[in-house]
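Beneath this line is the structure, given in structure tokens, with notes to follow.
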Amino acid sequence: ARRHGHQSSARLALLLLLNNMAIKERIKSKLITTPVGTAMWPALIKPQTKYKPDGEYVVKLRLGDVESAQLRAQVTDYYEASYIEMCRIEGKKTLKRADLPFKRHTDKEGNETGDWAFKFSQKALVRPKNGDPFTIKIAIVDAHNRPFAGDAIWGGSLLQVCAFLEAFYVPAVGFGVSARIKGVRILKCVTGMTAEDMFGDPVGAEDAAPDTDGENPVPAPSGVKGDF
């Protein structure tokens, strides 16, 4: 009887595990493509290693309120639907929630500009629990969908991001959704700006200042529409 009880418990545990795995499989990633926006602090050619030693490709995309409305709805809908599924997986009525991968854009003084900032990222080196580590390179193309030939992409560049929305749950952080970069299309690449780029033609020879490049690029206008 004791042996039979042990077998029944093991069978029940296996069924619960399989059921849990089946539910997880229903939380599928969702592919999205953004409108054209302004890149902020991009690390797309070479992954940054400041915060993650294995490297991470990152970019924040600034989009206008109207232009980003559909994208915000897509992300929010996926977040809410996946949250319900994750609660079922964890067997809880509620879970701690992490922030959405977008928020109001603010200026240097912390004032809201009316735009939105979306965060996208992708690990450069993936270390599976079962298997060997492997590297990832994101696809970067130009406006004509040809491989991007440049060696730098600065903030202020106009681009689109193709990404996968993926749900996650970590008890310390909570439930959340990340936007993993799959590819980027560059509509206008900025690698630095001259005085003419920033201010236009000189106002007069006697008033003109020496022509020097700024240390940081000036962001280009956001809200340009386009399809990836």
Side-chain angles (χ1 to χ4, degrees), residues 18-44 47 52 56-105 115-129 131 134-141 145 158-171 173-187 222-228:
L18 292 174
N19 183 59
N20 191 36
M21 291 174 63
I23 295 175
K24 283 186 178 180
E25 290 177 357
R26 289 204 292 269
I27 302 184
K28 301 294 185 181
S29 58
K30 179 180 178 65
L31 186 67
I32 60 169
T33 300
T34 73
V36 179
T38 304
M40 301 186 297
W41 309 108
L44 298 169
K52 295 189 177 181
E56 184 179 42
Y57 299 101
V58 295
V59 65
K60 288 186 178 180
L61 193 67
R62 179 178 176 178
L63 292 165
D65 188 60
V66 175
E67 291 78 8
S68 66
Q70 183 176 355
L71 180 62
R72 284 184 281 120
Q74 283 183 310
V75 176
T76 302
D77 289 347
Y78 178 83
Y79 181 100
E80 295 299 337
S82 298
Y83 174 77
I84 294 173
E85 290 297 315
M86 195 65 77
C87 285
R88 293 176 59 189
I89 291 172
E90 299 298 325
K92 297 180 180 180
K93 293 183 178 179
T94 61
L95 294 170
K96 179 181 177 180
R97 292 184 181 230
D99 294 335
L100 286 161
F102 66 84
K103 61 182 180 180
R104 281 289 187 181
H105 176 266
D115 292 343
W116 295 85
F118 292 76
K119 181 180 179 181
F120 301 90
S121 63
Q122 173 59 61
K123 292 179 180 178
L125 178 65
V126 178
R127 299 179 182 274
K129 292 182 178 180
F134 60 91
T135 58
I136 289 180
K137 292 285 288 184
I138 60 175
I140 305 179
V141 298
N145 290 339
L158 297 182
L159 54 82
Q160 289 174 276
V161 179
C162 181
F164 281 107
L165 297 178
E166 296 181 353
F168 67 85
Y169 175 67
V170 179
V173 177
F175 167 82
V177 168
S178 59
R180 301 297 180 189
I181 305 171
K182 180 173 178 61
V184 174
R185 181 161 72 172
I186 310 296
L187 281 298
S222 64
V224 182
K225 293 184 179 181
D227 296 323
F228 191 86

Measuring from L100:CG to T76:OG1, what's the distance to the nearest 0.5 Å?
-> 5.0 Å
So OG1 of T33 and CD of Q74: to nearest 0.5 Å the spacing works out to 8.5 Å
Taken in chain and number order and not counting sequence neighbours, the residues that satisfy salt bridge (Lys or Arg N to Asp or Glu O under 4.0 Å) with K103 are none
Test applied, side-chain contact (heavy atoms from CB on, under 4.5 Å); reference residue, L159; option that passes from L61, V36, T38 = L61
Q122 side-chain N/O to R180 backbone N/O, donor-acceptor pair under 3.5 Å = no
Excluding sequence neighbours, so at least two apart, what forms ring pair (Phe, Tyr, Trp, His ring centres under 6.0 Å) with Y78?
-> none
Value for CG (L165) from CD1 (I32), rounded to nearest 0.5 Å, stands at 4.0 Å
State, yes or no, whether a side-chain contact exists between I27 and I89 at a heavy-atom distance under 4.5 Å.
-> yes
If a pair satisfies ring pair (Phe, Tyr, Trp, His ring centres under 6.0 Å) and one of its residues is in residues 81-103, list it, with sequence neighbours excluded.
-> Y83-F175, F102-W116, F102-F118
Residues in salt bridge (Lys or Arg N to Asp or Glu O under 4.0 Å) with D99, at least two apart?
-> none
What residues, two or more places apart in sequence or in another chain, satisfy side chain to side chain donor-acceptor pair (under 3.5 Å) together with S68?
-> R72
Report the residues that fulfil side chain to side chain donor-acceptor pair (under 3.5 Å) with K52, sequence neighbours left out, ordered by chain and then residue number.
-> E56
